[in-house]
Protein chains: 2
Amino acid sequence: MDSDANIPGSAKPTINDIARLSGVSKKTVSRVINRSPLLNEETRKRVDDIIRETGYVPNPQARALALRRNFLIGLVHDNPNAQMVLGMQQGILSVLKGTEYELIVRPVDRGSTTLVADVRSFLERQRLHGVVLLPPISEDDGLARLCDELGCRYVRMGSAELDDAAHMVASNDQDVVHEAVSYLIGVGHRRIGIITGPTGFRSAWERRQGFERALADAGIAVDPALVVEGSYRFESGLGAASKLLDCSPRPTAIFASNDEMASGALHAARRLGLDVPADLSIIGFDDTAIAAHIWPPLTTVRWPIVEMGKAAARKLLAGTIDAQPEVPGEALFLSQLIHRASVAPPK
Amino acid sequence: MDSDANIPGSAKPTINDIARLSGVSKKTVSRVINRSPLLNEETRKRVDDIIRETGYVPNPQARALALRRNFLIGLVHDNPNAQMVLGMQQGILSVLKGTEYELIVRPVDRGSTTLVADVRSFLERQRLHGVVLLPPISEDDGLARLCDELGCRYVRMGSAELDDAAHMVASNDQDVVHEAVSYLIGVGHRRIGIITGPTGFRSAWERRQGFERALADAGIAVDPALVVEGSYRFESGLGAASKLLDCSPRPTAIFASNDEMASGALHAARRLGLDVPADLSIIGFDDTAIAAHIWPPLTTVRWPIVEMGKAAARKLLAGTIDAQPEVPGEALFLSQLIHRASVAPPK
DNA sequence: TTGTATGCGTTATCAC
DNA sequence: GTGATAACGCATACAA
């Protein structure tokens with residue numbers, strides 16, 4: 001397919017070439033490109049044919065300048081966990097594929113006092129079509145207001161519904177943890193420990209709430225000694241689990257707020273010569289690659305992260321000519337408990 | 001800091017505003033922005049002051065249109081493995097941080113017959129400053145030529161030096177695998193199996209070469225039955241290892257061409273009731289999160305992937321005003337063997 | 001050393 | 001329905 005068929009010098013055709021070749025004005029070509037409704041179907045077709053013949057593609061830079069808006073989607077995050085960033089990227093990109101939109105990745109530093117200012121200058125400069133905000137910075141209402149102020153569409157991803165459906169892609173962390181812990185209780189566990197995520201993370205709070213609610217619903221009091229905070233990292237899981245396993249009586253099960261810490265807990269158990277799941281049951285959260293590949297395979301919670309990425313992109317594209325049918329109620333995504341081999345009844 | 005200080009209506013200042021405020025022409029302002037050498041130091045300073053006062057930032061869209069070149073770096077890949085994509089991203093972004101460049105991620109499908117055409121239209125449309133090509137598509141010389149033709153800078157990442165230093169960021173896979181296998185031989189192993197990567201991947205070939213060279217150097221013949229191909233996925237590692245462990249006499253050590261397959265091999269050993277490392281030694285490749293978190297912690301090869309990402313970005317930025325000092329000879333990156341607990345002398 | 005005129009490729013305005 | 005003309009904000013060629 002020679003896309004430069006009618007253009008001498010092999011320069012890429014511009015809107016002017018199309019206008020000349022099809023005997024209409026630039027503006028009319030522009031109308032065809034942008035699917036203007038008030039257009040004679042006949043001229044529409046003629047121009048469209050020329051466009052196809054020449055392989056003309058509008059120049060994104062020129063459009064961006066004229067429209068004061070880029071055809072770019074931003075992924076703004078603070079590197080929470082690799083699995084999440086990559087999964088979201090994958091979901092977003094799969095929706096963007098075939099459209100005129102591209103993905104631009106922008107890590108930020110949530111510790112920085114200039115976070116909002118940084119994002120502001122980024123958005124002002126790049127004039128993005130929209131952004132996806134990942135946790136934990138997605139929990140910052142200031143950023144959402146900033147997007148509104150700058151006229152930049154946004155979708156927040158999070159562990160709870162902290163915005164309206166058009167701006168939110170949420171998972172039901174609290175409920176699924178409730179289910180997981182209830183399952184532990186169901187097979188007979190009574191002393192259950194939790195390794196929480198770090199204070200300040202909404203996901204940490206939601207998961208802990210699910211844990212406590214499950215205990216409460218079963219009439220079990222929460223023993224403060226069985227609640228230890230972690231940082232979502234392997235070492236913190238190792239340390240927290242060691243602490244938990246020092247308690248007496250020892251807990252017979254541990255819910256770790258993510259897989260990495262769960263795998264740390266597994267190591268802690270092994271150091272003490274404890275068999276998992278015979279002596280200690282463990283449930284994680286995330287269903288990362290680790291979960292299925294460690295021994296024993298980890299019972300954990302699977303987050304439909306890629307689907308959430310797709311939903312986020314669809315929300316951002318809503319109303320454009322690249323819009324895809326949006327599934328109604330596509331704001332809340334249900335995580336599910338994946339049963340593997342790290343849970344057994346207590347001895 | 002009110003960046004709209006002197007601008008009524010709070011519109012962002014343009015080059016015209018700066019020119020007016022500092023009493024010079026647009027062109028002079030443009031020269032200041034682009035660090036033109038032939039400039040009166042005095043006017044330079046005056047304009048610079050105004051720029052700082054107003055918080056003026058040149059509009060990237062307008063620059064892109066005028067320069068026919070965007071301030072964007074592309075990461076083009078075919079989703080080889082999550083660790084690699086993310087590591088490269090991290091490295092690239094850390095170099096791009098603070099510059100005017102942004103990162104745009106573009107997954108492609110190497111199976112598609114239109115791969116080159118797809119990349120071409122992507123590059124033609126986006127007018128990127130440069131691209132980073134990840135394996136396995138980085139091994140495609142056609143893509144490199146395409147970049148040259150389109151005047152798009154590029155850097156290829158790979159397991160061997162398949163381009164000149166300015167366009168290549170390579171790791172020494174063959175040598176480090178030679179080292180790893182020699183180490184196995186050194187502690188006494190004689191029957192060593194290998195789970196290779198899929199045919200057609202340069203990395204697979206390099207690693208296998210390293211394996212065979214190490215055996216040859218030790219005067220050990222390669223037993224074809226001890227060479228099994230995998231797909232770089234967990235299941236293939238499980239299957240390949242099962243095959244290897246079926247041989248008699250059984251191999252006492254296995255080199256798996258990546259961690260995911262190594263972890264599959266670990267599961268295969270466990271199924272047979274074999275103890276690692278007492279009955280079977282295993283070495284992986286990648287040093288992914290899995291490696292340190294499985295049991296026993298996996299001896300593996302660490303790839304300086306983030307550093308390679310940084311180097312790639314630095315090469316792409318060379319010659320720009322955002323250029324960073326480039327370490328000489330920054331084309332070959334040395335992987336290293338990470339000793340953990342999955343290797344022991346044979347019984 | 002600095003300024004003027006013009007172009008980059010598209011969209012918006014407002015006529016016809 | 002369609003078209004001439006002026007933005008959009010910056011850079012380049014060529015003068016001065």
Side-chain angles (χ1 to χ4, degrees), chain A residues 4 7 9 11-48 50-51 54-72 100 124-127 129 151 320-321, chain B residues 7 9 11-48 50-51 54-71 100 124-127 129 151 320-321:
Chain A
D4 306 329
I7 311 302
K12 282 181 296 298
T14 74
I15 197 170
N16 290 304
D17 299 317
I18 305 303
R20 189 169 32 75
L21 288 172
S22 48
V24 298
S25 73
K26 300 161 56 159
K27 183 58 202 173
T28 299
V29 178
S30 176
R31 288 198 178 92
V32 173
I33 296 170
N34 296 294
R35 310 257 200 288
S36 167
L38 18 77
L39 248 179
N40 187 325
E41 181 54 33
E42 205 167 311
T43 60
R44 206 195 91 76
K45 181 170 176 348
R46 193 176 54 210
V47 174
D48 239 358
I50 300 286
I51 289 182
T54 55
Y56 164 73
V57 177
N59 177 315
Q61 287 78 43
R63 300 184 84 182
L65 180 57
L67 287 170
R68 287 172 213 70
R69 164 144 306 185
N70 237 317
F71 285 63
L72 295 173
E100 52 202 333
E124 282 182 346
R125 280 167 48 77
Q126 297 305 133
R127 312 269 189 129
H129 173 83
T320 73
I321 59 174
Chain B
I7 313 301
K12 281 181 297 298
T14 75
I15 197 172
N16 290 305
D17 299 319
I18 305 302
R20 189 169 33 74
L21 289 171
S22 47
V24 299
S25 73
K26 299 163 55 162
K27 181 58 206 174
T28 300
V29 178
S30 177
R31 289 202 178 87
V32 174
I33 296 171
N34 296 297
R35 311 257 199 289
S36 169
L38 17 78
L39 249 179
N40 186 327
E41 181 53 35
E42 204 167 312
T43 59
R44 205 195 91 77
K45 182 170 176 350
R46 193 175 54 210
V47 174
D48 239 359
I50 301 286
I51 289 182
T54 56
Y56 164 73
V57 177
N59 177 316
Q61 286 78 42
R63 300 184 83 182
L65 181 57
L67 288 170
R68 286 172 214 71
R69 165 147 305 187
N70 236 318
F71 285 62
E100 52 201 334
E124 283 182 345
R125 280 167 48 76
Q126 297 305 134
R127 311 272 188 121
H129 173 83
T320 73
I321 58 174

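All heavy atoms count here, side chains included; hydrogens, waters and symmetry mates do not. Numbers restart at 1 for each chain; the letters A, B, ... are given by sequence-line order, proteins then strands.
Close to C:dT10, at under 4.0 Å from its OP1 or OP2, lies no side-chain N or O of A:Ser30. Residue A:Asn34 places at least one side-chain N or O closer than 4.0 Å to OP1 or OP2 of C:dT11. An OP1 or OP2 oxygen of D:dG3 is reached within less than 4.0 angstrom by a side-chain nitrogen or oxygen of A:Ser25.
Two residues are said to be in side-chain contact when any heavy atoms from C-beta on lie closer than 4.5 Å; B:Pro60 and A:Gln126 meet this criterion. Side-chain contact check for A:Glu100 versus A:Ile321: some heavy-atom pair is nearer than 4.5 Å. Residues B:Asn59 and A:Arg127 meet the side-chain proximity criterion, which asks for heavy atoms closer than 4.5 Å.
Protein atom CG of B:Asp17 is 13 Å distant from nucleotide atom C1' of D:dC8, rounded to whole Å. Across the protein-nucleic acid pair, B:Lys26 atom NZ and C:dA5 atom P stand 12 Å apart, rounded to whole Å. One atom, CZ of A:Arg20, and another, P of C:dT10, lie 13 Å apart when rounded to the nearest Å. Between the P atom of C:dT11 and the CD1 atom of A:Ile321 lies a distance of 10 Å, rounded to the nearest Å. Atom-to-atom, CZ of A:Arg35 to P of C:dT11 comes out at 12 Å; the value is rounded to the nearest Å. Distance CG (A:Leu67) to P (D:dC8): 13 Å, rounded to an integer number of Å. One atom, CG of B:Asn70, and another, P of C:dC8, lie 18 Å apart when rounded to the nearest Å. Between A:Glu41 atom CD and D:dT2 atom P the separation is 10 Å, expressed in whole Å.
Residues A:Ala19 and A:Ser25 come closest through the heavy atom pair CB-C, 3.8 Å. Between B:Gln61 and A:Ala64 the shortest heavy-atom distance is CG-CB, 3.4 Å.
For B:Thr28 and A:Arg31, each mapped to the nucleotide of DNA chain C holding its nearest heavy atom, the one lying further toward the 5' end belongs to B:Thr28.
There is no side-chain donor-acceptor pair under 3.5 Å between A:Arg46 and A:Asn40. A donor atom on one side chain and an acceptor atom on the other are found under 3.5 Å apart for B:Asn34 and B:Arg63.
Contact annotation for B:Thr43: backbone-only contact, meaning every heavy-atom pair under 4.0 Å involves sugar-phosphate atoms and none involves a base. Across all strands, B:Val29 comes closer than 4.0 Å to no nucleic acid atom at all (heavy-atom distances).
Not a single donor-acceptor contact under 3.5 angstrom links the side-chain atoms of B:Lys27 to the base of C:dT4. Under 3.5 Å, the side chain of B:Arg68 and the base of C:dG9 form no donor-acceptor pair of N or O atoms.
Over its length, the helix from C:dT1-D:dA16 to C:dC16-D:dG1 turns its helix axis by 30°, as judged from the five terminal pairs at each end, rounded to 10°.
Separation of atoms OG (B:Ser22) and CG (B:Asp17) is listed at 10.0 Å; rounding is to 0.5 Å.
Taking a 4.0 Å limit (strictly below) on heavy-atom distances, residues 59-66 of chain A reaches DNA chain C at A:Asn59, A:Ala62, A:Arg63, A:Ala66.
Ion pairing between a basic and an acidic side chain is recognised when a charged N comes within 4.0 Å of a carboxylate O; A:Arg44 and A:Glu41 show such pairing.
For the side-chain contact (heavy atoms from CB on, under 4.5 Å) criterion with A:Tyr56, the lone passing option out of A:Ile15, A:Val47, A:Ile50, A:Leu21 is A:Ile15.
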